[in-house]
> 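After the structure tokens below, expect a handful of questions from me.
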2 protein chains.
Amino acid sequence: MSSSPGIGGASLLGSLETCRGDPADVKEGTGHVHGKRRLIELTEQLRAKSRKVTGPRQKILDVLRTNRHPATIREVFAQMPRGDCDLVTVYRSMHLLEGMGMVKRFDFGDGAARFELVNGRDGGHHHHLICTSCDRIVELEDCFAQEMEEAVAARNGFKSVTHKLEFFGVCPKCQTGHRV
Amino acid sequence: MSSSPGIGGASLLGSLETCRGDPADVKEGTGHVHGKRRLIELTEQLRAKSRKVTGPRQKILDVLRTNRHPATIREVFAQMPRGDCDLVTVYRSMHLLEGMGMVKRFDFGDGAARFELVNGRDGGHHHHLICTSCDRIVELEDCFAQEMEEAVAARNGFKSVTHKLEFFGVCPKCQTGHRV
DNA sequence: TTGTTTTTGCAAGTCATTTGCAACTAGAGT
DNA sequence: ACTCTAGTTGCAAATGACTTGCAAAAACAA
Ligand SMILES: [Mn+2]
Ligand SMILES: [Mn+2]
Ligand SMILES: [Zn+2]
Ligand SMILES: [Zn+2]
């Protein structure tokens, strides 16, 4: 019997032909790229750094790819077909992907780290608005802190300055006559 | 023998007379208030909310009062006279103080939360610049994100919006010919 | 197919923070 | 000054996110 390419016998990636022209590949406006093509790009990145394209990794990337908001390790794990891989593998894979710059880590203050697939070679730096009542997350396109970052760096003689910024508040749906 | 006001026999607070005019009470320029007077104000806040002014709490407030940068629970604990109270008590006290708005919590991304005494009834909202190489912390006076906070809140219909913002980079002393 | 390197699963460990509970006080009342 | 009680504390144990050790399993180049 031949070795199956992924876990469960079927590869998540179809043929290149199948992917070409996939209407879901580009979600206009946002610049985000979804669909199989994206997944292939991702696995290529793995190969390029001589990391193995394994079943668990493909599944994890596929889950991340479909998430519109940063997800915790447990959330990613929960979204994978049951028993597909160990929780620890998700931790390890995420660490690898983060190190490769393929995913970005976010911290919303609750105990668990959240991860989002990086789109575009620029990094797609952006921030979030989180509802403290229902945990709804709003993706804030672009960043408005670049200037102050440069100012802070220059004023204090720091190099390679980056920043972490998140907003918290009460979303419209949670404002029904409660605390102001 | 009379009951000692604090732990260890001596109260951290002297008499009001002793405190009045303490030259260390006001550190001009920053608006931060230090010295015994500040400590008395703090204990008053506890009494005002019918929380008990206990030995451990006085010690913890005293340690926080002398810290120029946000400190972790363990750091605060380490700065207290040996065996003065349990680590758990520091956790619980910090939680209480945070709830009362007397201390503010910060998260620099390393596993442990950091706390800083809130100065001024306004809250003294500000941010930090942390060296990713030596952990040096720079206190950034004032906040430059208020406008964008309002914009983000308005644009998304959120109320009571706040933000968390910290900068990370390599400080001058750590820039000796290393990575740029 | 084989051999070498990387990955994975599972168990166990680390570390910050929380919780259960009985013993203990600060502060109010007497 | 003495009593009472709600609020506190210490100690042990629990929780939860995340990491690590190790042998079995899989990827992929030769
Ligand atoms: Mn996002
Ligand atoms: Mn500060
Ligand atoms: Zn930004
Ligand atoms: Zn701010």
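Lettering follows sequence order; numbering is per chain, from 1.
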> Going by salt bridge (Lys or Arg N to Asp or Glu O under 4.0 Å), name the pairs with one or both residues in residues 162-175 of chain B, residues two or more places apart or in two chains.
none
> In this structure, how many angstroms lie between the C1' atom of D:dA26 and the CG atom of A:Asp86, rounded?
16 Å
> Would you please name every residue forming a side-chain contact (heavy atoms from CB on, under 4.5 Å) with B:Thr89, sequence neighbours left out?
B:Pro56, B:Cys85, B:Asp86, B:Ser93
> Sorted by first residue and then second, give each ring-ring contact (aromatic ring centres under 6.0 Å, His included) pair with at least one member in residues 75-104 of chain A; sequence neighbours left out.
none
> Tell me the salt bridge (Lys or Arg N to Asp or Glu O under 4.0 Å) pairs involving residues 92-101 of chain B, sequence neighbours left out?
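Found B:Glu98-B:Arg105.
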> For A:Phe167, give me all partners under side-chain contact (heavy atoms from CB on, under 4.5 Å), at least two apart in sequence or on another chain.
A:Leu129, A:Leu140, A:Phe144, A:Leu165, B:Met148, B:Glu149, B:Val152, B:Val161, B:His163
> For A:Thr132, give me all partners under side-chain contact (heavy atoms from CB on, under 4.5 Å), at least two apart in sequence or on another chain.
A:Phe168, A:Val170
> Apply the hydrophobic cluster definition, ILVMFWY joined by side-chain contacts under 4.5 Å directly or through others, and give me every member besides A:Val88.
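Via sub-4.5 Å side-chain contacts, A:Val88 links to none.
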> What pairs of nitrogen or oxygen atoms, one from the protein and one from nucleotides 17-20 of chain D, lie under 3.5 Å apart?
unit_1	atom_1	unit_2	atom_2	d
D:dA17	OP2	A:Arg74	NH1	3.4
D:dC18	OP1	A:Ala113	N	3.0
D:dC18	OP2	A:Tyr91	OH	3.3

> Using nucleotides 27-30 of chain C, report all nitrogen or oxygen pairs with the protein that are shorter than 3.5 Å.
unit_1	atom_1	unit_2	atom_2	d
C:dG27	OP1	B:Val53	N	3.2

> Round to the nearest Å and state the distance from B:Met80 atom CE to D:dT9 atom C1'.
12 Å
> Report the distance from atom CG of A:Leu96 to atom C1' of C:dT5, rounded to the nearest whole Å.
15 Å
> Quick one: B:Phe77 CZ to C:dT18 P, roughly how many Å, whole number?
16 Å
> How far does the helix from C:dT1-D:dA30 to C:dT30-D:dA1 bend, going by the axes of its first and last five pairs, to the nearest 10°?
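Result, rounded to 10 degrees: 30°.
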> Would you mind listing every ring-ring contact (aromatic ring centres under 6.0 Å, His included) that reaches into residues 41-66 of chain A, with sequence neighbours excluded?
none
> Heavy atoms, side chains only, cut-off 4.5 Å: are A:Arg114 and A:Asp107 in contact?
no
> Taking side-chain contact (heavy atoms from CB on, under 4.5 Å) as the test, write out the residues that go with A:Glu139, two or more places apart.
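With sequence neighbours excluded, A:Glu139 shows a side-chain contact (heavy atoms from CB on, under 4.5 Å) to A:His69, A:Pro70, A:Glu116, A:His126, A:His128, A:Ile137, given in chain and number order.
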